[in-house]
Amino acid sequence: MKIKIAPSILSADKNNLNKEIKEIEDYADLIHVDIMDGRFVPPITFKADEIKKIKTKLPLDVHLMVENPLKDGFIDDYSGAGASIITIHSECNEDINLLIKEIKSRNIKTGISINPNTPLDEIKPYLDKIDMVLIMSVNPGYAGQKFIEDVLPKIRELKKLKPELDIEIDGGISKGTIKKAFDAGADIFVAGSSIFGKENRKEAIAELRNAVK
Ligand code: DX5
Ligand code: ZN
């Protein structure tokens with residue numbers, strides 16, 4: 001099966017985003033864009049203007065770690081900045097059905113993410129309405145954290161429940177952990193430090209792909 005690799009530009013050099021993206025573009029499948037509001041998680045990351053300036057042939061996979069995706073304008077800003085997928089968190093403060101409707105009405109694929117401690121049950125009512133589930137395998141906020149293996153049973157359960165749904169995993173993915181997530185049923189693998197933390201990005205991505213063969 002063909003897996004998808006989504007390098008997270010949270011770990012890239014923010015002052016040279018287009019140069020960083022050039023280095024991975026021919027080997028990756030998506031560009032993962034982590035957006036944080038300083039409230040859902042302490043850091044603040046990219047502004048929509050910075051994302052708008054990205055030049056790439058790859059789809060932008062926008063992960064909103066924010067409290068109010070709609071009210072605070074994140075859905076508008078990042079759909080305007082060229083997102084192909086927008087993922088909201090089940091733990092955010094707004095109505096999930098409304099958020100799904102708003103994202104879909106902008107012709108963008110819809111994802112829902114759950115934190116490591118959030119049970120799959122929380123999102124079961126929405127699975128028929130979305131394109132992707134993002135399983136967090138670290139607590140959101142920072143790159144370079146250790147992979148939490150306890151999330152693997154959620155991936156297995158979800159795969160069984162909805163085999164056609166894309167399952168993305170985010171946090172602590174490296175050549176040492178990717179196979180576990182793959183075997184559990186994940187299809188899309190976000191990786192920050194294990195790609196942008198390496199000198200040779202082409203080789204880093206090849207190592208991730210080889211680890212699931
Ligand atoms: C964490 C972010 C991740 C992060 C992953 O809050 O959602 O996308 O960039 O970084 P690594 O791969 O280093 O764990
Ligand atoms: Zn992310």
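Counting starts at 1 for both ligands and their atoms, following the listed order.
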Looking at [atom], what's its closest protein heavy atom, distance included?
atom: atom 1 (C) of ligand 1; value: Tyr142 O, 3.7 Å
atom: atom 14 (O) of ligand 1; value: Gly172 N, 2.8 Å
atom: atom 12 (O) of ligand 1; value: Gly192 N, 2.7 Å
atom: atom 3 (C) of ligand 1; value: Asp170 OD1, 2.9 Å

Is there at least one pair of N or O atoms, one from [X] and one from ligand 1, spaced under 3.5 Å apart?
X: Ser8; result: yes
X: Asp34; result: yes
X: Gly171; result: no
X: Gly141; result: yes

**Asked** Looking only at heavy atoms, is any part of Ser193 under 4.0 Å from ligand 1, and if so is it the side chain, the backbone, or both, or is it neither?
**Response** both
Do [X] and [Y] share a hydrophobic cluster (ILVMFWY, side-chain heavy atoms under 4.5 Å, transitive)?
X: Ile173; Y: Ile155; answer: yes
X: Leu58; Y: Ile195; answer: yes
X: Ile112; Y: Val33; answer: yes
X: Ile100; Y: Val66; answer: yes
X: Leu127; Y: Ile108; answer: yes

Just which atoms of ligand 1 are under 4.0 Å from any heavy atom in [X]?
X: Ala143; result: 10 (O), 13 (O)
X: His63; result: 7 (O)
X: Ala191; result: 12 (O)
X: Leu10; result: 9 (O)
X: Met36; result: 6 (O)
X: Pro140; result: 6 (O)
X: Met65; result: 6 (O), 7 (O)
X: His32; result: 8 (O)

In this structure, are over 12 heavy atoms from other groups packed under 6.0 Å from [X] atom [atom1]?
X: Lys14; atom1: NZ; value: yes
X: Glu164; atom1: CD; value: yes
X: Lys198; atom1: NZ; value: yes
X: Lys124; atom1: NZ; value: yes

**Prompt:** Could you walk me through whether Asn97 and Lys129 pass the side chain to side chain donor-acceptor pair (under 3.5 Å) check?
**Reply:** CA-CA 9 Å; Asn97 278 316; Lys129 303 174 190 166; 2.8 Å; yes
**Asked** Hey, is the main chain of Ile135 close enough, under 3.5 Å, to the side chain of Ser113 for a donor-acceptor pair?
**Response** no
**Message:** Between Arg209 (side chain only) and Ile205 (backbone N and O only), is there a donor and an acceptor less than 3.5 Å apart?
**Reply:** no
**Request:** Take every heavy atom of Gly144, measure it against each atom of ligand 1, and state whether any distance is under 4.0 Å.
**Result:** yes
**Item:** Near the Zn ion (ligand 2) (under 2.8 Å) - protein N, O or S atoms
**Value:** His32 NE2, Asp34 OD1, His63 ND1, Asp170 OD2
**Item:** 4.5 Å side-chain heavy-atom contact, Ile169 and Val190
**Value:** no
**Item:** Pair Asp183 + Lys179: basic N to acidic O under 4.0 Å
**Value:** yes
**Request:** Kindly assign one of parallel, tilted or perpendicular to the pair His63 and His32, based on the angle between their ring planes and the thresholds 30° and 60°.
**Result:** tilted
